[in-house]
4 protein chains.
Amino acid sequence: MARRRSDDKRERILQAAVKVFAKKGYFAARVSEIASKAAVADGTIYLYFKGKEDLLVSLFDEVMKEHIEQARAELALVPTAPEKLRVIAEHHLRAMGQNRDLAVVFQVELRQSTKFMERFTASWLQDYFSLMSAVIEDGQKDGSLRPELPRKVVVKALFGALDEMVTSWILSRRDYDLDKLAAPVVDLFLRGAASTGTRGPTRRPALAGTAS
Amino acid sequence: MARRRSDDKRERILQAAVKVFAKKGYFAARVSEIASKAAVADGTIYLYFKGKEDLLVSLFDEVMKEHIEQARAELALVPTAPEKLRVIAEHHLRAMGQNRDLAVVFQVELRQSTKFMERFTASWLQDYFSLMSAVIEDGQKDGSLRPELPRKVVVKALFGALDEMVTSWILSRRDYDLDKLAAPVVDLFLRGAASTGTRGPTRRPALAGTAS
Amino acid sequence: MARRRSDDKRERILQAAVKVFAKKGYFAARVSEIASKAAVADGTIYLYFKGKEDLLVSLFDEVMKEHIEQARAELALVPTAPEKLRVIAEHHLRAMGQNRDLAVVFQVELRQSTKFMERFTASWLQDYFSLMSAVIEDGQKDGSLRPELPRKVVVKALFGALDEMVTSWILSRRDYDLDKLAAPVVDLFLRGAASTGTRGPTRRPALAGTAS
Amino acid sequence: MARRRSDDKRERILQAAVKVFAKKGYFAARVSEIASKAAVADGTIYLYFKGKEDLLVSLFDEVMKEHIEQARAELALVPTAPEKLRVIAEHHLRAMGQNRDLAVVFQVELRQSTKFMERFTASWLQDYFSLMSAVIEDGQKDGSLRPELPRKVVVKALFGALDEMVTSWILSRRDYDLDKLAAPVVDLFLRGAASTGTRGPTRRPALAGTAS
DNA sequence: GATGAATGAGCGTTCATTCAT
DNA sequence: GATGAATGAACGCTCATTCAT
């Protein structure tokens, strides 16, 4: 696709925005700082974006679009639902683990307000959830996943678990590999935390027999 | 009206702050609006709090303190780790499900910035994680929970799942009972999403060749 | 004269005001700090003074009243105008040199605004100028002072010179005796700066051609 | 209108500041009033000055710089110390007498606080004093001024006298020519107030023989 | 008289956005 | 398209003063 010559300016602005938002936070970030880091004049930003808020929105849109496209492509390469879930987890954690500044923007800055969150939930995040939901559904149909589980809860639980791994990684000072957590998270998610034979919250050790 | 300090003024201010923060977001919230909703003068707020930010911090501190105390008390009443986990989940979802405005503040406004998040993570949230971690550890020792799972990951996954249920509930327009989700979440968490016999992401049907 | 028991409170407040005004400046001075230094409640100040500004006005009034009374008494003890001028200079510099905080208030804080200055000029300062003017007049009548000099200019010049000694002393970090300057100032004031024989700016050596 | 910086905006702002500071006093002066009088937006002031205080400081710096330069130039034109002193006095009084508002700022507003005064004393005022001191020194060396007088006292006395003329002129309602006072002040300063033959504070009329 | 909690008016400054060049 | 000087709305906080106790 033909790109206008100055499209690299747009890109530079977005990259500068990620850095400044990550370092200062959305509100404390100064448009003029983003402009200067992108080596453009303040006013130039307004030729490419509607305003400060649009920087955040555009950032989210573009990153999510690519993330979801890639995820879809990778998912096509593995056959079973459990494997697909692992692909999703790995992809999610790898994507965020690659660029800490971007991760900060996604985990923190994009959650400034219910207004933002609703907007994001309604757009690409919905797509992401659908993607996961479809995998779950397939798994429930082909018998690899427990069919009695409410799909929405399963999706949210997986997303929430992954999301928390990322947030925790951001706030941690240690610099571990985020994507190494994909395996244990998926293992936990699929097999559960309970030991075999005592699985389920209602089943209790035999000795406790009379308790309700 | 008594000119004696403390009255219930402090409490009224905090409650007003919850409402205004939830409606407008922390940054857009006006101190004067909080004051007027609390029926005190603007300056009075500064007799009880250091500033706008201190309102948020105090809110978090007081709610978390009570939440954790209650959780501890409830945990003492049940014997096994799986049951304790259900208590935690129920308590978590019930607490947040009771006051939507407070939930908004906790899920959205308190996560404005890495500064806030680090501060909170370092204080009560740490306590909350420890509480959960201790339960997991007990379960792993008495054999009710799989001992090979990395405890930190388990804690974060559970917290993340619960956290996402709350966030999702806030953003949803439907007004379902949040605490009803405790059961399926804990069931999923303990038993896993995979059907028995096909558990584990690595195990694939022997003749998986044709699976899509 | 019978003084009400609590008159010592009034005095304590004024003394505290001098200290705080001197340290912080009038505008930056906090009424509450004055109250706390005087060991009274904030509101108590308003039982003795109309407001913050009244503290400054009262301070000026009382100090000037006493200063002028003392000056008058001391003046009665010496007979000639030149000696009286020395008495005035000594008294002026001694009074201010005794209490640096008070001097700061008089030299700096009381000159905050034309409003203050006009008020003060119109009251006690006018008295002080009259006192000096009367001495000058006496001197001019009895022949000890040059009669052709415009009295007002003489008074202002003397006051200005003394005033500058005080201001300079306040701002200086060295801790010299301010009243030691009375002698040279009066000497300069009476005899002039010019050497005898070359006095007067208009008189130039007849053959001035070679003067450097 | 040109959007180019510097225009005459900076100058307009300073002139507006002089007027507003003179009328309201530094503390009561509103930045927004200065802006509106200068016909610029409030924010524009901050493109040229660091803040309200910087307006005062810049005012002082620029006026003093020019004043001292001019004084130096004029001094070079007259040969003797007594004449130089008259030049200084005339220049001082003329400069202040030309712009009452500016004079108010210099005599009143710039003396808000010891902080300001120390700052000013340490900068241009020091220069001004040095200028005067050099003239005195020259006069003492060439015999036109009494060598036994302490130079610092002489300088302060002259400055103080001139300063008081200005202050007094400002506070007076009558609108006389300030620079007309230069002659009598310098005459008094050089020849002293005492009549010839009775000069000096220690010499007393013979008739007064027995007084101490 | 004394207290001190409560009041609420008041303002310097920042910064996202515009628009003449 | 690009610039960056100019704009001006917006607000958290302080503190002199009041007044119920």
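Quick note on labels: first sequence line is chain A, next is B, and so on, each numbered from 1. Quantities reported herein were computed from a predicted structural model and do not represent experimental measurements.
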Any side-chain N or O of C:Lys9 under 4.0 Å from OP1/OP2 of E:dA2?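 It does, given that an N or O in the side chain of C:Lys9 lies less than 4.0 Å from OP1 or OP2 of E:dA2.
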If the cut-off is 4.0 Å, is B:Tyr48 near the phosphate of E:dA6, judged by side-chain N/O to OP1 or OP2?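 Affirmative; the distance criterion is met.
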With sequence neighbours excluded, residues passing side-chain contact (heavy atoms from CB on, under 4.5 Å) with A:Ser32: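 If we apply the side-chain contact (heavy atoms from CB on, under 4.5 Å) test to A:Ser32, skipping adjacent residues, the hits are A:Arg30, A:Asp42.
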Run the side-chain contact (heavy atoms from CB on, under 4.5 Å) test against C:Lys50 and tell me which residues pass, sequence neighbours left out.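 Residues passing side-chain contact (heavy atoms from CB on, under 4.5 Å) with C:Lys50: C:Asp54.
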Take B:Tyr46 and D:Thr44, find for each the nucleotide of DNA chain F with the closest heavy atom, and name the residue whose nucleotide sits nearer the 5' end.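 Comparing both residues, the 5'-ward one is D:Thr44.
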DNA chain F: 5'-proximal contact among D:Val40 and B:Lys50 (nearest heavy atom):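 The residue whose closest nucleotide sits nearer the 5' end is D:Val40.
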Nearest 0.5 Å, please: how far is NZ in A:Lys9 from CG in A:Leu47?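 Output value for this atom pair is 8.5 Å.
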May I have the distance from [X] (atom [atom1]) to [N] (atom [atom2]), rounded to whole angstrom?
{"X": "B:Leu47", "N": "E:dG4", "atom1": "CG", "atom2": "C1'", "answer": "10 Å"}
{"X": "C:Phe49", "N": "F:dA16", "atom1": "CZ", "atom2": "C1'", "answer": "16 Å"}
{"X": "A:Arg10", "N": "F:dA2", "atom1": "CZ", "atom2": "P", "answer": "13 Å"}
{"X": "C:Asp54", "N": "F:dA16", "atom1": "CG", "atom2": "P", "answer": "15 Å"}
{"X": "D:Arg12", "N": "F:dA6", "atom1": "CZ", "atom2": "C1'", "answer": "12 Å"}
{"X": "B:Lys52", "N": "F:dC13", "atom1": "NZ", "atom2": "P", "answer": "8 Å"}
{"X": "B:Ile34", "N": "F:dG12", "atom1": "CD1", "atom2": "P", "answer": "8 Å"}
{"X": "B:Glu33", "N": "E:dG8", "atom1": "CD", "atom2": "P", "answer": "18 Å"}

Less than 3.5 Å apart, which donor and acceptor atoms pair up between the side chains of residues 20-29 of chain A and the rest of the protein, not counting sequence neighbours?
unit_1	atom_1	unit_2	atom_2	d
A:Lys24	NZ	A:Glu33	OE1	2.9
A:Tyr26	OH	A:Glu53	N	3.2

A:Asp8 bridged to A:Arg12 by N-O distance under 4.0 Å: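 Answer for the salt bridge query: yes.
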Would the number of heavy atoms belonging to other residues, nucleotides or ligands and lying under 6.0 Å from CD of A:Glu118 be above 12?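 Result for CD/A:Glu118: enclosed.
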Within residues 20-31 of chain D, find the residues that approach DNA chain E with a heavy atom at under 4.0 Å, and present them sorted by residue number.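 Output list: D:Ala29, D:Arg30, D:Val31.
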Reading 5' to 3' and counting Watson-Crick or G-U wobble pairs with both distances under 3.5 Å, write the dot-bracket notation for DNA chain F, | for bases paired outside the strand. .||||||||||||||||||||
Counting C-beta onward and ignoring hydrogens, is there a side-chain heavy-atom pair between A:Ser58 and A:Tyr48 closer than 4.5 Å?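 A:Ser58 does not reach A:Tyr48 side chain to side chain.
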Is the side chain of B:Arg10 donor-acceptor paired with the backbone N or O of B:Ile45 at a distance under 3.5 Å, no angle test?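 No, B:Arg10 side chain to B:Ile45 backbone: no donor-acceptor pair under 3.5 Å.
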Has the side chain of D:Arg119 got a donor or acceptor atom that lies under 3.5 Å from a matching backbone atom of D:Thr114?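 No, D:Arg119 side chain to D:Thr114 backbone: no donor-acceptor pair under 3.5 Å.
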Can you work out whether B:Asp42 or C:Ala39 has the more 5'-proximal nearest nucleotide on DNA chain E?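 Looking at DNA chain E, the more 5' nearest nucleotide goes with C:Ala39.
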Which nucleotide, F:dT17, E:dA16, E:dG8, lies nearest any side-chain atom of B:Ala41?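 In terms of side-chain proximity for B:Ala41, the closest of F:dT17, E:dA16, E:dG8 is E:dG8.
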Touch class at under 4.0 angstrom, heavy-atom based, for B:Gly43 against every strand present: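 Base contact - B:Gly43 has a heavy atom under 4.0 Å of at least one base atom.
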Applying side chain to side chain donor-acceptor pair (under 3.5 Å), can you list everything that pairs with B:Gln15, at least two apart in sequence or on another chain?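 Checked B:Gln15 against side chain to side chain donor-acceptor pair (under 3.5 Å); matches are B:Glu11.
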